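Remember, it's a predicted structure, so these values are computed and weren't measured experimentally. Every number for a ligand or one of its atoms is a count from 1 in the order of the listing. In this chain, numbering begins with 1 at the start of the sequence shown.
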Amino acid sequence: MTVRDILTYPDPRLRTLAKPVEQVDDTIKILIEDMIETMYAADGIGLAASQVDEHLQLVVMDLSKERDAPRVFINPKITVLDEEKLPYEEGCLSVPGIYDEVERPREIKIEALDREGNPFTEIASGLLAVCIQHEMDHLNGKLFVDYLSKLKQDRARTKVTKLVKAQKA
Ligand code: QAP
Ligand code: CO
């Protein structure tokens, strides 16, 4: 397994629209393993394939405290069950050091394939609902900072660019 590089804001490749996974073959399985390892190495709770420059509809997540319960969502689709929106303080591995509140529908239905390619359905609220909506935005080329004011976006861009330069130096 390999830790892959995570694209950072404002890299234009983060705006690429992800394509559906056609077949859960060995290449996809390796990508899934690499994404899980990359998420753990970066101390994240969720990672979309777009963030490692693989433009496929694939998300990994681990919301467990022990960090031993990785979950995989292939070709996820959501249906909003409750339009009521709740604010949650979000962050993103592609926007390191930036955290801010985003409002999203509080209850959704998730339909996806698991890592064996078997379909499943799940009703989600709380952190799972927030996280899957955040990750699915990535698959559509959208970032959580897009919901913030232009001023906050400018500040985030400056801060992340500096941080990334400092890390490389
Ligand atoms: C998305 O985000 C998310 O800035 C996943 O320095 C976040 O894993 C969904 C992270 C919150 C719902 C709520 C961010 C790690 C991790 C950073 C992450 C950082 C180190 C973000
Ligand atoms: Co993110």
Quiz item: Is the shortest distance from a Lys or Arg side-chain nitrogen in Lys29 or Glu116 to a carboxylate oxygen in the other one below 4.0 Å?
Solution: no
Quiz prompt | Atom indices of ligand 1, in the order listed, that fall short of 4.0 Å to a heavy atom of Glu90 | solution = 11 (C)
Self-check item: Shortest protein contact, atom 3 (C) of ligand 1 (heavy atom only)
Solution: Gly91 O, 3.8 Å
Self-check item: Element-labelled atoms of ligand 1 that are located less than 4.0 Å from some non-hydrogen atom of Pro96
Solution: 4 (O)
Exercise. Could you tell me whether some N/O pair between Leu127 and ligand 1 is separated by less than 3.5 angstrom?
Key: no
Self-check item: Numbered atoms and elements of ligand 1 in range of His134, under 4.0 angstrom, heavy atoms
Solution: 1 (C)
Quiz prompt | Salt-bridge present (Asp62, Arg67; N to O < 4.0 Å) | solution = no
Exercise. Find all atoms of ligand 1 within a distance of less than 4.0 Å from any non-hydrogen atom belonging to Gly46, and give their numbers and elements.
Key: 5 (C), 8 (O)
Exercise. If you have a sec, read the angle at the Co ion (ligand 2) from Cys92 atom SG over to His134 atom NE2, to 10 degrees.
Key: 120°
Quiz item: Run the side chain to side chain donor-acceptor pair (under 3.5 Å) check on Glu107 and Ser125 step by step: do they pass?
Solution: CA-CA 5 Å; Glu107 194 181 28; Ser125 58; 5.4 Å; no
Quiz item: Of the protein's non-hydrogen atoms, which lies at the shortest distance from atom 8 (O) of ligand 1, and what is that distance?
Solution: Ile45 N, 2.8 Å
Self-check item: Nearest-contact summary for atom 13 (C) of ligand 1 - protein heavy atom, Å
Solution: Tyr88 CE2, 3.7 Å
Quiz prompt | Residue, atom name and distance, where the atom is the protein heavy atom closest to atom 6 (O) of ligand 1 | solution = Tyr99 OH, 3.4 Å
Self-check item: For ligand 1, the portion of Glu135 having any non-hydrogen atom under 4.0 Å away
Solution: side chain
Quiz item: Between Lys152 and Asp100, is there a side-chain N and carboxylate O pair less than 4.0 Å apart?
Solution: yes
Self-check item: Protein contact of atom 12 (C) of ligand 1 - nearest heavy atom, named by residue and atom, plus distance
Solution: Val130 CG1, 3.6 Å
Quiz item: Looking only at protein heavy atoms, which one is nearest to atom 16 (C) of ligand 1, and how far off is it?
Solution: Leu93 CD2, 3.4 Å
Practice problem: Indicate yes or no: does Glu54 engage Lys19 in a salt bridge with an N to O separation below 4.0 Å. | Solution: no
Practice problem: Following the transitive rule for hydrophobic clusters with a side-chain heavy-atom cut-off under 4.5 Å over Ile, Leu, Val, Met, Phe, Trp and Tyr, establish whether Leu7 and Leu47 coincide in one cluster. | Solution: no
Practice problem: Could you check which N/O/S atom of His138 is closest to the Co ion (ligand 2)? | Solution: NE2
Quiz item: Above 12 or not: heavy atoms from other molecules or residues under 6.0 Å from CG of Asp26?
Solution: no
Self-check item: Given Lys109, Arg71, Lys77, the one that forms salt bridge (charged side-chain N to carboxylate O under 4.0 Å, His left out) with Glu122
Solution: Arg71
Quiz prompt | Lys NZ or Arg CZ of Lys159 over Tyr9 ring: under 6.0 Å, within 45° | solution = no
Self-check item: Atom indices of ligand 1 within 4.0 angstrom of Gly97 heavy atoms, with elements
Solution: 4 (O), 6 (O), 17 (C)
Quiz item: Checking side chain to side chain donor-acceptor pair (under 3.5 Å) for the pair His138/Asn140: CA distance, chi angles, key distance, verdict?
Solution: CA-CA 5 Å; His138 279 297; Asn140 291 313; over 6 Å; no
